[in-house]
Amino acid sequence: MSAEPAVRDAAWWKTAVVYQIYPRSFADSDGDGIGDLPGITAHLDHLAELGVDVVWLSPVYPSPQDDAGYDISDYQDIEPTFGTLDDFDALLAGMHDRGMKLVMDLVVNHTSDEHPWFVESRSSPGSPKRDWYWWRPPRAGMSAGDPGAEPTNWRSFFSGPVWELDEASGEYYLHLFSRKQPDLNWENPAVREAVYAMMRWWLDRGVDGFRMDVINMISKDTALPDGHELAGAPYGDGTPHVLCGPRIHEFLQEMYREVFEGRDALLTVGEMPGVTVEEALLFTEPARREIDMVFQFEHVQLDQGATKWDVHPLRLRDLKASLNRWQVGLADRGWNSLYWNNHDQPRVVSRFGDDGEHRIAAAKMLGTVLHMHRGTPYVYQGEELGMTNAPFHGIEDFRDIESRNHYTEALAAGHAREEVLAGLRAMSRDNARTPMQWDAGPHAGFTAGTPWIPVNPNHHHVNAEAARADPDSVFHHYRRLIELRHTEPVVAHGDFTLLLPDDERVYAFARRLGDVEVLVLGNFSGDTVPADVPDAAAWARAELLVSNAPAPDPGAPLGLGPWEGRVYKRRVEAG
Ligand code: NOJ
């Protein structure tokens with residue numbers, strides 16, 4: 001008899017898996033080379049077969065597309081390139097019919113500069129909406145436009161200063177991202193009310209929650225102090241003054257009361273760059289009524305130096321230490337997202353795995369290790385196929401504003417072109433944004449036209465049609481991992497114990513719930529390695545729940561082949 005204890009709480013998303021769709025690159029139904037909503041609707045069976053519970057849709061709102069949709073000019077409509085509100089309703093119905101939920105991207109730290117709110121705000125310093133954004137005069141004693149006259153020395157996440165001069169008024173406005181993404185002023189209650197009303201409108205339409213873009217940036221230090229100078233750059237670091245600012249918890253609690261209170265079965269996830277474990281606990285502690293889970297970045301910054309373009313090899317022990325801290329820190333209260341990929345990250349099989357000889361094994365092993373942690377796993381489109389980084393050559397191959405701005409700035413600062421391109425090839429967000437590879441045909445079945453960014457040439461062998469037909473594919477391995485989260489309570493709810501913290505090749509941990517124990521092993525190398533975990537001989541005889549290689553001989557010492565991953569399960573004395 002199993003002695004699995006009652007699960008600590010009934011939050012439905014603890015057993016859920018989320019799939020992220022980046023609409024521009026998912027499926028194009030009308031041949032304009034850009035993905036769209038009917039394209040997604042036509043492929044819902046792919047997601048249903050995979051078994052995911054929730055789809056997070058990157059922004060589909062009207063947008064000048066300066067930052068690929070994260071610059072929104074109307075929160076309550078659909079970008080015409082992507083379709084109409086009717087198309088949206090059809091997509092939502094298609095998901096609900098298949099038992100899947102739909103989570104919208106909520107981008108309310110900033111709008112587009114073409115949003116009517118900003119157009120009005122900019123129209124004059126006396127505008128009733130002037131205070132909806134962060135307008136400031138030049139630095140004391142300086143004139144508008146003078147070098148260094150910006151109100152603070154902060155650097156934008158997309159290169160250059162965070163302040164843009166409005167010639168007409170002689171004042172600057174704040175934009176943490178591109179100059180076409182002015183930051184909303186959440187200090188103004190009218191801004192907050194307008195955002196909450198918009199959120200309620202989407203929930204009333206039937207959506208199931210929000211992924212909240214850089215939501216820990218909405219409360220800023222209103223004194224706007226300069227940041228400490230960044231090495232080798234004419235800017236300072238503004239992040240201490242904009243991440244998790246003084247009113248962040250107050251704002252999220254207010255949002256909860258105004259938008260979510262009394263509505264059931266929703267999901268709220270806060271994208272939070274730079275969030276600490278301690279802060280995450282405050283954000284996700286259910287009794288505080290803020291959000292359900294954070295989406296944090298520590299583990300995807302371990303292969304970087306001072307900037308994301310300064311790429312270092314990953315040290316496995318750093319990855320284990322980081323993920324372990326989050327597992328331990330949120331063990332009793334709070335909740336975390338689990339991911340390798342999203343639309344801002346290079347493809348994990350190229351980054352932390354092997355996208356050559358061992359691509360399939362590495363993709364499966366990486367998925368296994370991630371999905372067996374505690375938290376809610378996210379699958380980014382194409383990850384379930386083992387899609388890889390793309391072969392970019394020159395700057396003309398890149399589309400992303402962050403990548404292109406960095407290139408211009410780095411070259412102007414005297415960096416060698418090849419060195420800059422090497423950083424872009426490894427880290428550019430465009431690696432995640434090449435079209436979904438549906439089949440081996442022209443443009444991978446993504447479009448009948450010319451894709452907005454070329455498809456990866458490896459779609460001839462890396463594609464959904466082939467993967468779905470092959471029981472040994474990465475797709476079917478992910479299907480099994482998702483099934484395990486649904487069927488094995490220990491995977492969703494068990495305790496976590498890291499093993500072999502210093503092993504540079506083997507990632508090992510145990511999960512435990514009542515009398516059920518699971519051992520997870522992943523070889524992050526192309527070598528054949530021993531797995532010297534405690535009780536190895538007994539584990540070698542345990543039930544193999546999932547693996548990416550032929551089952552080892554019974555009684556063989558516990559070890560792993562190149563990029564091998566395995567999950568064992570056994571019953572132990574309850575205690
Ligand atoms: C985070 C999003 O994931 C990214 O794609 C975007 O560029 C920034 N926030 C700004 O909205």
Side-chain angles (χ1 to χ4, degrees), residues 18-26 35 56-75 79 103-115 118 133-134 154-160 162 164 173-184 186 195 210-218 220 238-239 242-244 268-275 291 293-301 307-309 337 339-347 378 380-381 383 398-406 424 427-434 452-453:
V18 180
Y19 187 94
Q20 184 193 352
I21 290 183
Y22 190 70
R24 262 186 108 68
S25 305
F26 193 66
W56 149 26
L57 196 58
S58 275
V60 290
Y61 315 94
S63 160
Q65 303 288 327
D66 191 54
D67 182 21
Y70 283 88
D71 49 317
I72 296 168
S73 52
D74 181 351
Y75 285 117
E79 162 63 31
V103 162
M104 298 293 276
D105 217 310
L106 179 80
V107 188
V108 290
N109 173 68
H110 43 268
T111 66
S112 163
D113 66 340
E114 297 181 35
H115 193 292
F118 186 75
Y133 294 84
W134 295 82
W154 303 349
R155 177 195 197 138
S156 156
F157 291 111
F158 290 167
S159 304
V162 297
E164 180 73 5
Y173 66 84
L174 176 72
H175 60 89
L176 296 182
F177 294 89
S178 101
R179 60 167 65 93
K180 287 184 68 61
Q181 292 169 296
D183 280 53
L184 280 166
W186 277 67
V195 169
F210 298 99
R211 171 270 185 186
M212 304 176 181
D213 189 73
V214 293
I215 200 69
N216 62 333
M217 299 187 193
I218 59 175
K220 298 158 171 79
T239 56
V242 302
L243 299 181
C244 299
T268 56
V269 46
E271 190 212 22
M272 297 198 172
V275 71
I291 57 170
M293 64 185 78
V294 294
F295 199 92
Q296 57 86 19
F297 292 85
E298 194 177 281
H299 65 295
V300 289
Q301 291 170 334
T307 73
K308 73 182 267 183
W309 313 108
S337 308
Y339 72 96
W340 293 134
N341 282 116
N342 68 12
H343 63 292
D344 295 330
Q345 302 294 328
R347 294 281 179 181
Y378 286 62
Y380 176 68
Q381 64 186 46
E383 181 181 337
F398 294 91
R399 303 284 181 276
D400 169 39
I401 183 170
E402 180 193 44
S403 304
R404 296 181 71 97
N405 285 359
H406 165 65
L424 288 183
M427 283 298 160
S428 172
R429 310 192 296 181
D430 281 332
N431 282 303
R433 300 177 181 187
T434 62
W452 69 275
I453 187 170

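In listed order, ligands and their atoms are each counted from 1. Residue numbers start at 1 and run along the sequence shown. Just so it is clear, the structure is predicted and the values come from calculations on it, not from any experiment.
- What sits closest to atom 8 (C) of ligand 1 on the protein, heavy atoms only, is Phe177 CE2, 3.7 Å.
- Using a 4.0 Å cut-off to heavy atoms of Arg433, the atoms of ligand 1 that qualify are 5 (O).
- With a 4.0 Å cut-off on non-hydrogen atoms, Met217 does not touch ligand 1 at all.
- Lys180 pairs with exactly one of Thr111, Asp113, Asp71 by the side chain to side chain donor-acceptor pair (under 3.5 Å) rule, that one being Asp113.
- When each atom of ligand 1 is checked for a heavy atom of His110 under 4.0 Å away, the hits are 10 (C), 11 (O).
- If you look at Tyr22 next to ligand 1, there are no close heavy atoms at all, none under 4.0 Å.
- If you number the atoms of ligand 1 from 1 as listed, the ones under 4.0 Å from a heavy atom of Phe158 come out as 7 (O).
- In Arg211, the part holding a heavy atom less than 4.0 Å from any atom of ligand 1 is the side chain.
- When Phe210, Phe295, Tyr22 are each tested for a ring-ring contact (aromatic ring centres under 6.0 Å, His included) with Trp56, only one passes: Phe295.
- No side-chain heavy atom of Val18 sits under 4.5 Å from any side-chain heavy atom of Val103.
- Side chain of Ser156 to backbone of Leu176: a donor-acceptor contact under 3.5 angstrom is found.
- The protein non-hydrogen atom at the shortest distance from atom 7 (O) of ligand 1 is Asp67 OD2, 2.5 Å.
- A side chain to side chain contact (heavy atoms under 4.5 Å, CB included) with Glu271 is found for exactly one of Asp344, Leu106, Asn216, namely Asp344.
- Within ligand 1, counting atoms from 1 as listed, the ones closer than 4.0 Å to a heavy atom of Asp344 are 1 (C), 2 (C), 3 (O), 4 (C), 5 (O).
- To the nearest 0.5 angstrom, Ser178 atom OG is 6.5 Å from Asp67 atom CG.
- Counting non-hydrogen atoms of neighbouring residues, nucleotides and ligands closer than 6.0 angstrom, the CZ atom of Arg179 reaches no more than 12 such neighbours.
- The proximity of Arg429 to ligand 1, defined as any non-hydrogen pair under 4.0 Å, is limited to the side chain.
- For the pair Pro346/Ser428, no side-chain contact is recorded, criterion being any heavy-atom separation below 4.5 Å from C-beta on.
- Closest to atom 1 (C) of ligand 1 among all protein heavy atoms lies Asp213 OD1, 2.9 Å.
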